[in-house]
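Here the structure is laid out as structure tokens; the discussion comes afterwards.
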Amino acid sequence: MSTETRIDLSQVRRRLAGEFGEAEKSYREALVLWPGHSDALYYLANCLWEEQRVPEALAVLDELVRGRPNESRAWMQIGTISLLRGERAESDLARAERAFAEAHRINGEESLPVVRLGVVAFLRGDLERAETNFADALALNASSVEAAWY
């Protein structure tokens, strides 16, 4: 296993236990030792999102894709968070669409970015494009329950 993929198990345990504040501290400490570590940035952003700290989560993910522009999972999270901004914030459909399109560009054989592009089109009222996206997602992954449902 490369050192890039190793992270402190206490961070993982805290995050999985729902102790997002404690996990956040651990990820920030890790980033002092290894600035730009992709796993630490990705999971830090997820902890922030779990705490409804949407702008901070997006800023961390933006930092991640600046350093690693081909990090598909980061683009998917940017899209997901932009789509599901939280209780008081509006969706940012344009940002979600850009992020899902980038994730699809990076990893074209994955169906989920295409499904999410369909969701964005659906929310915009572009039913023809949504239907095309969902059909394309099913062509990539015939067992995609989400694409079949839409």
Side-chain angles (χ1 to χ4, degrees), residues 4-5 7 11-12 14-31 34-150:
E4 173 62 16
T5 58
I7 55 177
Q11 297 162 339
V12 175
R14 288 180 180 122
R15 182 174 46 83
L16 293 176
E19 299 170 5
F20 302 113
E22 289 301 313
E24 175 192 350
K25 290 177 194 172
S26 294
Y27 287 120
R28 290 193 187 279
E29 290 170 5
L31 288 165
W34 192 341
H37 187 278
S38 62
D39 286 336
L41 287 168
Y42 180 76
Y43 291 115
L44 170 60
N46 287 331
C47 289
L48 295 168
W49 185 34
E50 288 287 349
E51 293 184 323
Q52 295 294 308
R53 294 162 59 191
V54 172
E56 290 174 80
L58 288 170
V60 170
L61 289 167
D62 287 341
E63 179 182 344
L64 175 54
V65 297
R66 272 193 306 278
R68 293 181 172 269
N70 288 325
E71 185 83 26
S72 179
R73 68 181 176 167
W75 287 109
M76 284 300 296
Q77 278 304 84
I78 290 169
T80 300
I81 292 171
S82 297
L83 193 60
L84 309 170
R85 291 289 304 263
E87 294 175 16
R88 292 180 300 272
E90 293 289 321
S91 296
D92 185 344
L93 295 180
R95 185 172 190 182
E97 182 177 42
R98 284 190 307 272
F100 294 138
E102 189 62 17
H104 180 58
R105 184 196 64 77
I106 293 164
N107 198 355
E109 67 276 0
E110 286 292 323
S111 62
L112 188 56
V114 181
V115 170
R116 297 287 167 80
L117 285 166
V119 171
V120 170
F122 178 83
L123 292 172
R124 285 191 168 141
D126 187 347
L127 301 183
E128 186 176 317
R129 184 169 180 192
E131 184 177 352
T132 299
N133 285 127
F134 297 137
D136 289 348
L138 281 171
L140 288 168
N141 178 7
S143 63
S144 171
V145 173
E146 193 175 1
W149 186 83
Y150 284 113

So how far is it from [X] [atom1] to [Y] [atom2], rounded to the nearest 0.5 Å?
X      : Y      : atom1 : atom2 : result
Leu117 : His104 : CG    : NE2   : 7.5 Å
Ser26  : Leu44  : OG    : CG    : 10.5 Å
Trp34  : Asp39  : CH2   : CG    : 9.0 Å
Glu50  : Asn46  : CD    : CG    : 7.5 Å
Asn107 : Trp75  : CG    : CH2   : 14.5 Å
Cys47  : Arg53  : SG    : CZ    : 9.5 Å

Taking the side chain as every heavy atom from C-beta outward, state whether Leu123 and Ser91 have any atom pair closer than 4.5 Å.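 Side chain of Leu123 against side chain of Ser91, heavy atoms only: no contact under 4.5 Å found.
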
Would you indicate whether the side-chain heavy atoms of Leu140 and Asp136 approach each other to under 4.5 Å?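 No - every pair of side-chain heavy atoms lies 4.5 Å or more apart.
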
Under 4.0 Å between a Lys/Arg side-chain N and an Asp/Glu carboxylate O for [X] and [Y]?
X     : Y     : answer
Arg95 : Asp62 : yes
Arg66 : Glu63 : no
Lys25 : Glu29 : no

Could you report the tightest heavy-atom contact between [X] and [Y], atom names first, then the distance?
X      : Y      : result
Ala96  : Leu83  : CB-N, 4.0 Å
Ala130 : Gly118 : CB-O, 3.4 Å
Val54  : Trp49  : CG2-CD1, 4.2 Å
Ile106 : Glu71  : CD1-N, 4.2 Å
Gly36  : Leu31  : N-CD2, 3.9 Å
Val114 : Ala137 : CG1-N, 3.8 Å

Between Glu24 and Glu51, does a side-chain contact (heavy atoms from CB on, under 4.5 Å) hold up when you go through it step by step? CA-CA 10 Å; Glu24 175 192 350; Glu51 293 184 323; 3.6 Å; yes

With Ile78, the side chain to side chain contact (heavy atoms under 4.5 Å, CB included) member among Leu61, Asp92, Leu64: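 Single pass found, and it is Leu61.
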
Could you tell me how the ring of Tyr150 sits relative to the ring of Phe122: parallel (under 30°), tilted (30 to 60°) or perpendicular (over 60°)?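 Correct class here is tilted.
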
Within a 6.0 Å radius of atom CD on Glu109, are there more than 12 heavy atoms belonging to other residues, nucleotides or ligands?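 Yes, CD of Glu109 has more than 12 neighbouring heavy atoms, counting only those of other groups under 6.0 Å.
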
Tell me, yes or no, whether the heavy-atom count around Arg73 atom CZ, taken from other residues, nucleotides or ligands under 6.0 Å, exceeds 12.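 Counting other residues, nucleotides and ligands, CZ of Arg73 exceeds 12 neighbours.
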
Before you tell me yes or no, could you show the steps for Thr80 and Phe100 under side-chain contact (heavy atoms from CB on, under 4.5 Å), namely the whole-Å CA-CA distance, both residues' side-chain angles and the distance that decides it to 0.1 Å? CA-CA 8 Å; Thr80 300; Phe100 294 138; 4.0 Å; yes

Carefully, step by step, assess Ser72 and Glu110 under the rule side-chain contact (heavy atoms from CB on, under 4.5 Å). CA-CA 10 Å; Ser72 179; Glu110 286 292 323; over 6 Å; no

Does the pair Leu138 and Phe134 meet the rule for a side-chain contact (heavy atoms from CB on, under 4.5 Å), with working shown? CA-CA 6 Å; Leu138 281 171; Phe134 297 137; 5.7 Å; no

